[in-house]
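All values below were derived from every heavy atom in this structure, side-chain atoms included, with hydrogens, water molecules and symmetry-related copies excluded.
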Amino acid sequence: MVDPNFQTIGLVASLRDVSPRPTCDISFTFSDKTTGEKSELFAHKLILACGSPVFMAQFYGDIKEEKDSIPVEDSSIEAFKVFLDVLYNKEVPLKDMDFQFLGEFFYLADKYHLHLLKNFIVREVSSRKIVVEEVLEAAKVAEIFAPLEEFSNSLHQICSSFVRDNPERVLEVFEDEEVGEDSSPILHRLMARASRSKPKPPPVPVCKNCKHDPCLNGQKLTKKNFVAGAFISWVNGPNDPSSRTAVACDHSMVSYHLGNWDEDQYNQEYRKPFGVLMYMCN
């Protein structure tokens with residue numbers, strides 16, 4: 001998962017981990033809100049600036065940051081460290097993160113304008129199949145990060161889908177939560193949201209050959225409806241049992257192979273104009 005607006009150097013990344021000084025020229029400090037314990041992360045201004053336009057403006061803009069140590073109060077050190085890993089082009093397994101951590105991670109991606117990273121996080125959330133034990137916690141996280149609409153909405157969506165598709169399982173959550181507890185309003189809002197959500201419509205069946213609905217059997221190939229791999233035949237041509245498989249096209253010609261329906265290997269490639277070939281779907 002790498003944002004295409006930056007390039008990094010593996011050697012520099014390893015130096016940050018193994019020997020942060022003297023190569024690092026910026027640090028981020030953290031203070032544990034419970035214990036007051038201080039901690040610090042080191043980095044290179046140039047690497048961060050190449051990865052984020054916010055860091056670019058902060059370190060090299062007209063009003064640049066002169067300090068070499070920046071206190072961070074809106075992120076945990078754990079989330080910020082993973083965020084730095086992304087800027088250093090390291091592999092970051094989103095599938096191993098819980099929803100709370102993904103929310104913190106999305107916040108940093110939004111703050112530092114890493115739009116591709118935000119898309120990856122939303123896609124990860126949307127792809128998850130939650131279980132009944134996760135529903136309440138996921139709904140809480142969605143409300144905590146409500147200002148981050150893309151993230152919050154994706155989390156609300158998978159919660160609503162679960163509630164809508166598993167009403168009996170949701171009753172288990174109500175049985176475990178006493179009325180009047182902090183989670184009770186969240187549960188009721190979740191139920192209300194689920195009742196308003198609509199299930200996704202079933203996929204529209206399409207022809208396996210021409211990939212269209214309705215099927216294009218017998219219709220001429222055009223540049224607009226061309227499908228690579230589809231079986232085709234002559235228009236008003238000889239009635240032969242052999243099939244032809246379209247492989248490519250340009251502005252006026254179709255390239256195809258000759259072959260039988262069950263063959264995986266084809267012989268010589270041929271080219272004909274669009275107007276003499278049609279789809280052969282059944």
The criterion is salt bridge (charged side-chain N to carboxylate O under 4.0 Å, His left out); which residues satisfy it with Glu150, sequence neighbours excluded? Lys118

If the condition is side-chain hydrogen bond (donor to acceptor under 3.5 Å, both in side chains), which residues does Asn225 pass it with, not counting sequence neighbours? Thr222

Of all residues at least two apart in sequence or in a different chain, which pass the ring-ring contact (aromatic ring centres under 6.0 Å, His included) check with Tyr107? none

Parallel, tilted or perpendicular for Tyr112 and Phe55, by the 30°/60° rule? parallel

Approximate separation, where rounding is to 0.5 Å, of Leu277 CG and Arg271 CZ: 11.5 Å

Mind checking whether Tyr60 and Leu46 have side chains closer than 4.5 Å, heavy atoms only? yes

Answer whether the closest heavy-atom distance between the side chains of Tyr88 and Leu48 falls below 4.5 Å. yes

Please check this pair: side chain of Asp85 against backbone of Lys90, looking for a donor-acceptor N/O pair closer than 3.5 Å. no

For Lys111, what residues pass the side-chain hydrogen bond (donor to acceptor under 3.5 Å, both in side chains) criterion, not counting sequence neighbours? Asp74

Within a strict 4.5 Å, meaning less than it, do heavy atoms of the Ile121 and Met97 side chains meet? no

Side-chain contact, heavy-atom cut-off 4.5 Å: Cys159 with Ile130? yes

As a quick check of understanding, evaluate side-chain contact (heavy atoms from CB on, under 4.5 Å) for Phe30 and Leu41, giving each step before the final call. CA-CA 8 Å; Phe30 301 81; Leu41 293 174; 3.8 Å; yes

Glu137 side-chain N/O to Glu134 backbone N/O, donor-acceptor pair under 3.5 Å: no

Is the closest side-chain heavy-atom distance between Ser75 and Leu108 below 4.5 Å? yes

Are side-chain heavy atoms of Met253 and Pro273 found at a separation under 4.5 Å? yes

Where the side chain of Ser126 meets the backbone of Arg123, is there a donor-acceptor pair that is under 3.5 Å apart? no

May I ask you to decide if the ring planes of Phe105 and Phe83 are parallel, tilted or perpendicular, using 30° and 60° as cut-offs? perpendicular

For the side chain of Tyr279 and the backbone of Val227, is there at least one donor-acceptor N/O pair under 3.5 Å apart? yes

Minimum heavy-atom distance Phe231-Asn209, with the two atoms named: N-OD1, 2.7 Å

Does Lys45 NZ have over 12 foreign heavy atoms under 6.0 Å away? yes

d(Cys210 SG, Ile232 CD1) to nearest 0.5 Å is 12.5 Å

Restricting to ring-ring contact (aromatic ring centres under 6.0 Å, His included), what partner residues turn up for Phe274, sequence neighbours left out? none

In this structure, would Val86 and Ile70 fall into the same cluster of hydrophobic residues linked by side-chain contacts under 4.5 Å? yes

For Asn153, the side-chain hydrogen bond (donor to acceptor under 3.5 Å, both in side chains) test, sequence neighbours excluded, returns none

Applying side-chain contact (heavy atoms from CB on, under 4.5 Å) to Phe99 and Lys140, what does each step give before you reach the verdict? CA-CA 10 Å; Phe99 291 125; Lys140 289 179 180 179; over 6 Å; no

For Asn89 and Ile47, what are the C-alpha separation, side-chain angles and deciding distance, and is it a side-chain contact (heavy atoms from CB on, under 4.5 Å)? CA-CA 10 Å; Asn89 207 23; Ile47 298 298; over 6 Å; no

Indicate yes or no for a side-chain donor-acceptor contact from Ser152 to the backbone of Leu148 under 3.5 Å, with no hydrogens or angles considered. no

Under 6.0 Å between ring centres, would you say that holds for Phe28 and Phe80? yes

Shortest non-hydrogen contact from Val125 to Ser154? CG1-OG, 3.5 Å

For Gln157, is there any backbone N or O sitting under 3.5 Å from a side-chain donor or acceptor partner on Ser160? no

So do Arg128 and Leu102 actually touch side chain to side chain, heavy atoms under 4.5 Å? yes

Is the shortest heavy-atom distance from the side chain of Thr29 to the side chain of Glu40 under 4.5 Å? yes

